[in-house]
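This report refers to the structure that appears directly beneath it.
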Amino acid sequence: MLDPNLIREKPEFVKEGIKNKGSDPNLVDKFLEIDKKRRELIKEIDNLRHTRKELSESIGKKLKQGENVDDIRAEVRKLGDKIDQIEKELEGVEKTYKDILLSIPNLPHPSVPVGKDETENLVLRKEGRIREFSFTPKPHWEIAEELGLIDFKRAVKISGSRFYVLTGLGAKLERALISFMIDYHVEHHGYKEVFPPFLINRDSMIGTGQLPKFAEDMYKIEGEELYLDPTAEVPVTNLHRDEILNEEDLPIKYVAYTACFRKEAGAAGKDTRGIIRVHQFNKVEMVRFTKPEDSYKNLYELLDNAEDILRALELPYQIKMMCTGDLGFTAAMKFDPEVYMGAQEKYVEISSVSNFEDFQARRANIRYKTKDGDLKFVHTLNGSGLAVGRTMAAILENYQNEDGSITIPKVLQKYMGIDKITRK
RNA sequence: GGAGAGAUGGCCGAGUAGGCUGAAGGCACUCGCCUGCUAAGCGAGUGAGGGGCCUAAAACCCCUCCGCGGGUUCGAAUCCCGCUCUCUCCGCCA
């Protein structure tokens, strides 16, 4: 949610930002119109209420003195009817006002390159060494089946397409990755570990911006106002919804593992093989609450934290900076680390690191008290560290050997208890 | 799932025969005073949201808020109805 005052005072500036994001700048005009109406009605109601209050009180006094109050009573009653009528009108206006405000995207940071879609994102840098194979490397889904790590067929039986079953050392590798990532962020980067619920209510979904606009992307529990967690960003950011934090506690840093559930509507035919695009996957997510003036410093730290995992696993990757058109609804700036898939010879998004500034904080009403006693909205940020399934896919493709075995990355060996996965 | 109790400000906690109660008291916090230091003590202050005024901020004025939503009434923290959540007991259960 944007600051309503900003829209009132700098409508052209806001329109420009919205346009660069690929949204309709007309929303600003619609907002200004309803905003004006809203304030007119509020003013009118406040005045009427004020009169009613005074008359009501005078009735009390007159009654005590034994005076007749029938006339005033009738008058106030009429006043009340009028207030009811305007209140009803205001109710409708407020709803529209809120709807528009919630559907306006966050503005891009001025330094974000303007671009229409993902084709105009910038590759900032490439890191790590891409391995040269002396044989033809196999895609991860082939290796996984050959080594008995993933069962695609049976997943279809129990759930459907875009699901997979991890088996044996595949399941263990997934668990090892989750533990390794969380431990690393806790021990080296100072995050506090959180294990939140996976079923999330509507207010929380609105707080982080998934609702009302993106309902079709999420799974909803039938007959209840509960949604399946699409990313730990939602439960973890909402940890502090409607709270006032202390300035000295900022920045607050959480790391959480959750399963993530997504409908992947509109992705038909995309990434149909393997475990790149599925309805359920595991992810370790980092979330930060910061003071406004520190949020960009925190964004770069967050990016570095995500990269640390890639470096520790010795996986080659590149960092993309998203252009305005690919920032998404909520972000002001966003970087996507992409891991290199050795067999498919392409980079695949494995993390996403964003600064939402005060956009989510306004929606979720997350504030902090400054030393001077002022209340201000915090800035919220998050970044995957990392998407677990895609990390496994990258390990399978980049660490495969000619005999069909997989070397376990050094940092995972103590979690796996072995240094290699071989064919039986 | 069944029975009962409750939901008030940052926290604790008063307040129901409806009328200056945004709300006593305490704690915490801030400022000042006092005091070898600390503790104690003394004095003052401290909710949020919205609207108006205004170039802007402060001040000031007004409205709303005692879990949420509705009703009764000239007037509701106080009365009535629905919902949500919390706690206790019972049942069930990983």
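Bear in mind that the values here come from a model prediction, so they are computed numbers and not experimental data. Naming convention: chains lettered A, B, ... in sequence-line order (proteins, then strands); numbering from 1 in each chain.
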task = Sort out for me which residue in A:Glu145, A:Glu146, A:Glu397 forms a salt bridge (Lys or Arg N to Asp or Glu O under 4.0 Å) with A:Lys138.
result = A:Glu146
A:Gln210 and A:Asp217 side chains, donor-acceptor separation under 3.5 Å = no
query = Do you see a donor-acceptor pair shorter than 3.5 Å between the side chains of A:Asn282 and A:Tyr257?
reply = yes
query = Does any non-hydrogen side-chain atom of A:Trp141 lie less than 4.5 Å from one of A:Ile150?
reply = no
key: A:His185 vs A:Phe180, ring pair (Phe, Tyr, Trp, His ring centres under 6.0 Å): CA-CA, chis, key distance, verdict   = CA-CA 9 Å; A:His185 291 309; A:Phe180 161 67; 8.5 Å; no
inquiry  = Just to be sure I understand the rule, does A:Arg49 reach a base, reach only the sugar-phosphate, or reach nothing, if contact means heavy atoms closer than 4.0 Å?
reply    = sugar-phosphate
message = Does B:U64 have OP1 or OP2 under 4.0 Å away from a side-chain N or O of A:Lys53?
response = yes
message = So A:Ile42, base contact, sugar-phosphate only, or nothing? Heavy-atom distance under 4.0 Å.
response = sugar-phosphate
inquiry  = In whole Å, I'd like the distance from the CD atom of A:Glu87 to the P atom of B:G51.
reply    = 17 Å
query = Which one is paired to B:C31, where only Watson-Crick or G-U wobble pairs with both distances under 3.5 angstrom count?
reply = B:G43
inquiry  = Please give me every residue in residues 96-104 of chain A whose heavy atoms get under 4.0 Å of an atom in RNA chain B, ordered by residue number.
reply    = none
message = When you compare the side chain of A:Thr237 with that of A:Ile366, does any pair of heavy atoms fall below 4.5 Å?
response = yes
